[in-house]
Amino acid sequence: MIDALLAGALDAKETGDLAEGHRLLADALARCAGDVAATARVQAVMVALLTASGRTAEALVLADRAEPHLVGADLQRLSLHRSYARASQGKVDRPARPGTGDPVWRAARLMANGISLAQAGRFQAAESALKAAASLAARTGPRRLELMVRHNEAHLAALRGRFSRALGLFAECAPEFTGERRAQHRLDHASALLEAGLCGDARELLAETVETAARAGFAADAATALLARAEAELACGDAGRAADSAREAEDAFAVQARPGWEARAHGVLLRAQAARGERSPSLLVSVRTTAARLEAFGWTDPALRTRVEAALAFPAEPDLLPRPGSAASAALRLRAHRATAHVHCARGEEAEARRAVREALRTAAALAAGGDSVELRGVLGQACADLSPLAVRLARTDRELLGMEELRRSIVFPSPIRRPSMDGLSGRARALSTGGSTARPSVATADLLEGLHGVGLLELVRAEDRLLALVVRDGRIRRAVLGSYDAAVRETRLIRFALTRAMVDGSAPTAAVASLRSRFAPALGLLDGVELVIAPTGSLYGLPWTTVTDAPFTVVPSATAWLLAQERRPEPGPVVLLSGPGLQHAEAELAALRDVYPDAHTGTDPGLLCGARLAHVAAHGVHLADDPLSSYLDLKDGPLTGHDLNALAAPPSVVVMSACDAGLGDDVLGLPGVLMSAGVRTVIAAVTKLPDAAAPALMADLHHRLTTGESPTRALAALPHTPGRMGLQSFGAGS
């Protein structure tokens, strides 16, 4: 009977009913009737419930009292409960032998060992422990144990910077968790979102977790969620709220006798104070003291975070300079390298700053290459935006600057790979999680310069509001100053508006064109007479480059991306013509193209795209700047989103999108970027409106030229320069 009551108490804790768990334990204790061993077994389970209630000091006293009276499997279970109680205090036990008894408890011990090893930065050993736990759990159950192992695999993946895998696993497990496990799952899920830079999502998730955990009596989880919320608020730039939440968490940890967590909360409070501009001597003393306390507790990441923010606040203090080791999480290593670069730069230590910039870029590129989430790559790119001005300032040669800029661009747009199917994932989880990946190729600067032989590269670099151009021709790299980035963006918006107006009233956008040509003349004057590869930056991806140059050109996310696209040979296959609803010219346009391609496959099914040599899509396009993969082409069978395009098993070599604004993007994270990342060699799309009346003849003219063997770049350059055509341009290989 006592065994049933103990099992029921643990089940009640798991499902979120602590009161029922305590009632069952009280009943079990009453039935012990002076039996010391039986009483100790009840006390061992009581350790787990007291820990969840935030009464860790009581839990550990009770564990000490029960230990002398337990043997075998009962002693192993007490050891596991004690480990979690000590972790709740901020003390991580060393891994223990899993024993040879009950396979469920052996799996639980292996899982606890995995957590301990991950906390110590021993990621390979942690992965081995979790794999062993997963194997046992799969053979013996229960399902709850399998889910817990998957949860911890997700947590480990996040620490290692494998965010796509981590967030996919969290999304997969979430629907099945209840009670205490649901709260803990949300805590670690939010932690992964924070590591990935998605602070708004983490903050939203934690706001609910704090309330639900407190309401269910899980005081320990509620306090931990409160601290995590403070971290999220600080990452979102709300230092005032972060300070309030950190103080509240610190008070809760003090009441719960959790000194390690209390130190963590104080570290967040100090970082919030520094973020609000405090630079007092007392803050500096507190930072040093708190960092030392965190290190003594074994909190590697919180200690490093405290030192990182302190180094930025007090750059003259040499002992605060962060030195991230292998035990630090991948995202924190990136933050530390960025901070180190800024600190060295502030001290005038240019060689050290240059090394730190490279380390930060390499770390971010490795994180981006670890998964296929376009949103995550965008977040990492934003995180490294502050490094571009440093790179411009620190690069000793234009060649060195080009190398650093290409590395930065690889963060936002890594080389294409083949992906596993995303079936079963949807919505935000699908946007963030696309499973495993393989290594992507990289290109050395020397090979890049050789590959650019015969064409000219115009690569734009933004350093705060300064706009520079790196011009490459015949192996020589030169730099041109192009004025204000913000002014160039304003001119881009003006020319887009002027072209749209010209389509309506026949006006000539002369002044807007003249202004843009004048701005880019210092760079384009060095590239006269050659075809161009143009790598814009930021909002300048929306610039209709036909208004700036008469030369054939293609637009790319990076010179490396262009070179790799060139290496992908066109595949034989059919021509596919797709259409969407609500587009007045679509039927006339496809009728004209059927004359050009009498054997073309026509229809509305996006599945026709697989294996096509060339695909023409006449449909409305919608670009969503805040969620690029949800940008879509509106087909008759439903929207063709970036998710669908990104999952194509055999993408077409060339895709022509006859849709208004289908080429828009920011750092090519619109539909052309998704298609190129999926393996399409060349995309032809407009960054402006397309006139309905003129579109059929315009597209028929373009395709006639393509059938004669002209490359897309040359075919586009030969088209009449009417306002409706000037927004149509090539992306990718251009051939």
Side-chain angles (χ1 to χ4, degrees), residues 416 531 552-556 561-562 564-580 583 585-621 633 635-637 640 642 644-659 662-663 670-686 690 695-719 725 728-735:
E531 289 195 24
F553 68 88
T554 190
V555 176
V556 293
W562 175 81
L564 293 172
Q566 288 284 315
E567 294 175 354
R568 297 196 296 275
R569 293 296 90 198
E571 297 293 334
V575 172
V576 171
L577 307 176
L578 296 182
S579 64
L583 205 62
H585 68 270
E587 291 302 324
E589 183 173 304
L590 293 189
L593 294 184
R594 279 191 287 270
D595 291 338
V596 182
Y597 304 109
D599 296 326
H601 297 177
T602 61
T604 61
D605 180 8
L608 293 171
L609 292 171
C610 282
R613 168 172 57 88
L614 181 148
H616 180 98
V617 183
H620 283 299
L633 292 167
L635 299 180
K636 287 182 179 178
D637 287 358
L640 179 66
D644 303 314
L645 294 169
N646 206 32
L648 287 175
S653 291
V654 178
V655 173
V656 181
M657 294 192 288
S658 178
L671 290 172
V674 171
L675 282 164
M676 291 165 63
S677 185
V680 175
R681 292 186 80 249
T682 300
V683 180
I684 297 175
L690 284 176
L698 175 65
M699 291 300 169
D701 191 357
L702 169 65
H703 283 280
H704 273 298
R705 295 177 186 277
L706 292 176
T707 59
T708 66
E710 285 191 25
S711 68
T713 55
R714 290 190 173 275
L716 285 165
L719 294 176
R725 170 268 175 276
L728 195 65
Q729 56 197 35
S730 165
F731 298 84
S735 59

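Sequence positions, counted from 1, serve as the residue numbers for this chain. In what follows, every heavy atom counts, from backbone to side chain, and hydrogens, waters and symmetry copies are set aside.
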Value rounded to 0.5 Å, distance of [atom1] in [X] from [atom2] in [Y]:
X	Y	atom1	atom2	value
L590	H616	CG	NE2	6.0 Å
M699	H704	CE	NE2	13.5 Å
T602	Y597	OG1	OH	14.0 Å
L593	D595	CG	CG	8.5 Å

Atom of [X], atom of [Y] and distance for their closest heavy-atom approach:
X	Y	result
G573	R613	O-CB, 3.1 Å
E587	S579	OE2-OG, 4.4 Å
A715	E710	CA-OE1, 3.3 Å
P696	A592	O-CB, 4.5 Å
L614	H703	CD2-CE1, 3.7 Å
F731	T554	C-OG1, 3.4 Å

Is there a donor-acceptor contact under 3.5 Å from the side chain of R681 to the main chain of G732?
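Not a single qualifying donor-acceptor pair exists.
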What residues form a side chain to side chain donor-acceptor pair (under 3.5 Å) with S711, not counting sequence neighbours?
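Side chain to side chain donor-acceptor pair (under 3.5 Å) check on S711 returns T713.
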So do the side chains of [X] and [Y] get within less than 4.5 Å of each other, counting heavy atoms only?
X	Y	value
L635	P606	yes
R705	L716	no
I684	L728	yes
L609	P651	no
L671	V683	no

